[in-house]
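Below is one structure, written out as structure tokens, with a few remarks after it.
Chain A is the first sequence line, chain B the second, and so forth, proteins listed ahead of strands; every chain is numbered from 1. What's counted below: heavy atoms across the whole structure, side chains too, no hydrogens, waters or symmetry copies.
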Protein chains: 2
Amino acid sequence: MGSDGDHTTAKPKRAARLIDVARVAKVSRATAARALGGYGVVTPDTQQRVLEAAASLDYRVNDLARSMRSGRTLTIGVVVADISNSFTLTSIRGIIAAAAGAGYQSLVLNTDGDVEREREAVRVLREKRVDGLLIVPASRMEVEHLVSTRRHEAPIVLLDRFIDGFALDSVITDDFGGAHAAVRLLIERGHRQIGLLLGTAAHHGHQESEPVDTVSTVVERARGAAAAFAEAGLVLDPGLVRYAGSVAATAVAAARHLLARTPRPTAIFAGNEEMLLGALAAARELDLSIDRDLSLIGFDDAPWLAVFQPALSVVSRPTYELGQQAVNRLLAHINGESRLRRVELKTTVIDRGSIADLRS
Amino acid sequence: MGSDGDHTTAKPKRAARLIDVARVAKVSRATAARALGGYGVVTPDTQQRVLEAAASLDYRVNDLARSMRSGRTLTIGVVVADISNSFTLTSIRGIIAAAAGAGYQSLVLNTDGDVEREREAVRVLREKRVDGLLIVPASRMEVEHLVSTRRHEAPIVLLDRFIDGFALDSVITDDFGGAHAAVRLLIERGHRQIGLLLGTAAHHGHQESEPVDTVSTVVERARGAAAAFAEAGLVLDPGLVRYAGSVAATAVAAARHLLARTPRPTAIFAGNEEMLLGALAAARELDLSIDRDLSLIGFDDAPWLAVFQPALSVVSRPTYELGQQAVNRLLAHINGESRLRRVELKTTVIDRGSIADLRS
DNA sequence: GGCCGATGTGAGATCGATCTCTTATGCGAT
DNA sequence: ATCGCATAAGAGATCGATCTCACATCGGCC
């Protein structure tokens, strides 16, 4: 038997290190590193020897050691409230693709909308020395963990949120415009009793008034809807506005409340995917058919909407691109840019026919 | 005002290291590490001083250095074909939760079902020195990258797949049983013309025969369906079996083919989420109503099914638990267990009424 | 009084790759 | 023949936390 016991089965070797490669190739560690890393200068002949040695030993660089020495991990951290939401999921796909294109890995953590877990996630990612952070903050008030406390700290870019008076880049969509266009369309079609179903953080229950700590997207959508009313010279009845935590149960409850009013709303603007599902469920309970008994427009074009019957109108956002743009901004900061920017992407109304025309 | 230069804006400090904490607390690095890491022995008094020093400097451990020295990253790598599939997504949530409960981070990479990208993902994760790998392999044939080549290499557990004659743990569901029960139910209700729509890897097109390299889940579901036919003394017409890549377009095409046959199938067993969507889309094109004109049963209880109209019957699997169990097995191996196991979780048929009873 | 063991702390090596700095070699120009 | 310069490769420091081992101190006990 050999020196390391090649009994019957596999090879019980330890992982090969750079120094092992160097020994086999009969060069120094520095030269081996140059040959493998593609920097500095190496003779083609030497390079060849080193590459062969590395292959024969099945050498794999130790990323930890590399990052430790080089100071870069080539990894970005992503902190979101909920990966299973299809809006978030698509953004994440955009993020991962854009990051990978630039040679960066993405480390995604989710917080279920809990600020405490968000703080924890930021801490962990900083301990892992990620080169930058992409965050969808759960709160507009509790943001001290987003403040850079030192020089050369990994930069942060906010995704789908902005926070006023905060020196951070934001990449967002035009939520005001989207909600405005959606509600204006409802009004144009003759709807007057329009329920607004706005989704907030999951831990909020179902309530009538705006929660104190509401993220920017929700605020903007509420403002957009209100603006459409104002422009049409209509008064927005506060009783037709509901805020609900973005989970199935509360969304349905809130929708039930809206539909229980007299007169019953002829239309509902659902502020996100969960609200749309809640509105659908409540309508089904009451045996209301969409379009005929109740018009409906949602926010975010989720994949299931492609096959859903009846087809539902929504405000669509360039979600995948949102993630890509956020990565672009983050990489710019990682590479030393200091100028702050707020990128805003357009939203579009896709009318699939779930809005009845009451004028006819 | 404090001692460290609070000019006007932020503090331009570099990141504090352990040695800085040690200096402030007036102890050695070793002692500071003990106090912070909670190992070895330290006087309560010393511990207190160190903790205060760390807090005052806003010290954060450098995870890279720690992992490098300790040899453990407390991270598991997860390699899946597609995170946006709701089955995968739920498993991932189970994985992340179970891993977090044991103090492990999860690093999720997706491959879009491409074996080359899978190899690459495994390489990257090994370079990052993850402590273990959870993989949903894309192929049954090209698996050389799943073989451990050395001692003490990070263990691998297969998720939702098994590969025969391979010394790896698998955590799977009873796909045979699920498909068997689903098709038996169709047969019991009097269906004889039953289309089988089986989803394979995304890059496969739409084809009639089983692709050579089909993953275990699909093979088992096909076998389960066939067994139900055999038990009922029926012959399975090969023309009623279609394999399609798991993407919208091919799924719809395959479903169209099935529904174009004469006589038209009275029922379709859709082998996964995408196939179910494909079958729905094709049925809609032909204006077939579910239940009345076409019975349907799917595989995997996706979230959108909760509100989908008409309600659809499916084979449901304990997806979240699948992820958790996989983590359990992986942690066992990381902690030195060498016994191999194949864990199989039960499946259930949920009948929501999309299967007509032709006997009446 | 001296020895023992327990206890708390420090010095220094270590993990593995990279980076800086230095040295050796070769070739052309003067 | 010598100098200068470019090129290739090596030596050693470095990143930051942890771990081993050695050392100091102290109380108890014979």
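Closest approach of A:L146 to A:I135, counting heavy atoms only: CD2-CD1, 3.6 Å.
Side chains of B:L159 and B:V78 form no contact here, defined as non-hydrogen atoms less than 4.5 Å apart. With a 4.5 Å cut-off on side-chain heavy atoms, B:R117 and B:D112 count as touching. Here the side chains of A:S148 and A:I156 are not in contact, with every heavy-atom distance at 4.5 Å or above. Considering only heavy atoms from C-beta on, A:R93 stays 4.5 Å or farther from A:I96 through its side chain.
Between A:L36 atom CG and C:dT18 atom C1' the separation is 12 Å, expressed in whole Å. Taking atom CG of B:L74 as the reference point, atom P of D:dT18 lies 11 Å away to the nearest angstrom.
Summary for the helix from C:dG1-D:dC30 to C:dT30-D:dA1: the axes at its two ends, each from 5 pairs, differ by 70° when rounded to the nearest 10 degrees.
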- Task: Heavy atoms under 4.0 Å is the rule here; annotate nucleotides 6-17 of chain C 5' to 3' with B where the base is hit, S where only the sugar-phosphate is, and - elsewhere.
- Result: --SBBBBBBBBB

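At a threshold of 4.0 Å, the pair B:R49-B:E52 does not count as salt-bridged, since none of the basic side-chain nitrogens sits closer than that to a carboxylate oxygen.
Listed by first then second residue, pairs satisfying side chain to side chain donor-acceptor pair (under 3.5 Å) with a partner in residues 137-146 of chain A read A:E118-A:H145, A:R119-A:E142, A:R119-A:E144, A:S139-A:D213, not counting sequence neighbours.
Atom NZ of B:K128 and atom CG of A:N62 lie 10.5 Å apart (nearest 0.5 Å).
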